> 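My questions all concern the structure below.
Model, not experiment: these values are computed from the prediction. A, B, ... follow the sequence lines: proteins, then strands. Residue 1 opens every chain.
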Amino acid sequence: MSELTSYERIYAVVRRIPRGRVATYGQVATLAGLEGHARQAGYALHALPATTAVPWHRVINAQGAISARAPGGDGLHQRLLLEAEGIEFDARGRIRLARYQWRPRGQ
DNA sequence: TTTATGGCTGTCA
DNA sequence: ATGACAGCCATAA
């Protein structure tokens, strides 16, 4: 019923994530109309080109941690991007979701 | 067309 | 608190 692909819906949601905030894959999937398909949200982000304007780094897993998508430490790059936006990580490299998780509609 | 897989999530130990 | 298992279904081959 849409001319947009699932990926594009996901990108549209991710683009709405304010700076200094994060959202989980499941949350993005739900907002994109794909409730319960957290993985698809992850795949969509995985498919993003390096030149994208989508703030994919603001999307993390339900544990408030960064999913290691590549060996070696690419996750570190994502972490730096988040820290640059003012998001703090605890000693285990996890984000305080209670404080930084994006809350659409309720501000 | 079918088959395999997966940037996850939730539950149980 | 962490670790392991199974499941949901779209995308890619």
> Side chain of A/Asn61, heavy atoms from C-beta onward: which of B/dC8, C/dT2, B/dG7 has the nearest atom to it?
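So the nucleotide nearest the side chain must be B/dC8.
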
> For C/dG3, give the paired nucleotide (Watson-Crick: N1-N3 plus N6-O4 or O6-N4; G-U: N1-O2 and O6-N3; both under 3.5 Å), or none.
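Check on C/dG3: paired to B/dC12, both distances under 3.5 Å.
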
> Mind checking the CZ-CD1 spacing from A/Arg99 to A/Ile87? Nearest 0.5 Å is all I need.
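It comes to 10.5 Å.
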
> Could you state the CD-P distance from A/Gln63 to B/dG7, rounded to the nearest angstrom?
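Atom CD in A/Gln63 sits about 15 Å away from atom P in B/dG7.
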
> Using OP1 and OP2 only, check whether a side-chain N or O of A/Arg92 sits under 4.0 Å from C/dT2.
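Yes, such a contact exists.
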
> Between B/dG7 atom C1' and A/His77 atom NE2, what is the distance in whole Å?
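Computing the A/His77:NE2 to B/dG7:C1' distance gives 15 Å.
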
> Could you tell me how far apart A/Leu34 (CG) and B/dG7 (C1') are, to the nearest whole angstrom?
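Distance check: A/Leu34 CG to B/dG7 C1' gives 16 Å.
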
> When the distance from OH of A/Tyr25 to P of B/dC8 is rounded to whole Å, what number comes out?
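That distance rounds to 6 Å.
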
> What nucleic acid atoms does A/Arg58 come within less than 4.0 Å of, heavy atoms only: base, sugar-phosphate, or nothing?
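A/Arg58: no heavy atom of the nucleic acid under 4.0 Å.
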
> Measure the shortest side-chain to side-chain distance between A/Gln78 and A/Trp56 over non-hydrogen atoms and say whether it is less than 4.5 angstrom.
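The answer is yes, as the side chains (C-beta and beyond) meet within the 4.5 Å cut-off.
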
> Between atom CD in A/Gln40 and atom C1' in C/dG7, what is the gap in whole Å?
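In whole Å, C/dG7 C1' and A/Gln40 CD are 12 Å from each other.
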
> Considering only side-chain heavy atoms of A/Arg94, which listed nucleotide, C/dT2, C/dA10, B/dT9, is closest?
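Output: C/dT2.
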
> Given 3.5 Å as the limit, does a donor-acceptor pair link the side chain of A/Glu85 with the main chain of A/Arg19, or not?
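No; judged by distance alone, with no hydrogens or angles, the pair does not exist.
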
> Below 4.5 Å, heavy atoms only, C-beta onward: do A/Leu97 and A/Ile60 meet side chain to side chain?
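In short, these two side chains touch, coming nearer than 4.5 Å.
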
> Any idea which of B/dT9, C/dC9, B/dG7 is nearest the A/Thr24 side chain?
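Ranking B/dT9, C/dC9, B/dG7 by closest atom to the A/Thr24 side chain puts B/dT9 first.
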
> Can you check the A/Arg9 CZ to C/dC9 P distance for me, whole Å?
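In whole Å, C/dC9 P and A/Arg9 CZ are 15 Å from each other.
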
> Applying the Watson-Crick and G-U wobble criteria at under 3.5 Å, what pairs with C/dC8? Answer none if nothing qualifies.
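The base-pairing partner of C/dC8, which may sit in any strand shown, does not exist here.
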
> Starting the side chain at C-beta, find the nucleotide from C/dC9, B/dC8, C/dA12 nearest to A/Tyr7.
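When the side chain of A/Tyr7 is considered, C/dA12 is the closest of C/dC9, B/dC8, C/dA12.
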
> Select one nucleotide: of B/dG7, B/dG10, C/dT11, the one nearest the side-chain heavy atoms of A/Trp56.
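The closest nucleotide is B/dG7.
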
> So for A/Arg39 and C/dC9, does any side-chain atom that can act as donor or acceptor lie under 3.5 Å from a complementary atom in the base?
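Absent.
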
> Please compare A/Gly36 and A/Ser6 by the position of their nearest nucleotide in DNA chain C and report the one closer to 5'.
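Looking at DNA chain C, the more 5' nearest nucleotide goes with A/Gly36.
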
> B/dG7 C1' sits how many Å from A/Gln27 CD, rounded?
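Rounding to the nearest Å, CD of A/Gln27 and C1' of B/dG7 are 16 Å apart.
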
> I need the minimum non-hydrogen distance between A/Pro104 and A/Gln27, along with the two atoms involved.
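Where A/Pro104 meets A/Gln27 most closely, the heavy atoms are CD-NE2, 3.7 Å.
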
> What is the separation between atom OH on A/Tyr11 and atom P on C/dT11, rounded to the nearest whole Å?
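After rounding, the gap between these two atoms is 10 Å.
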
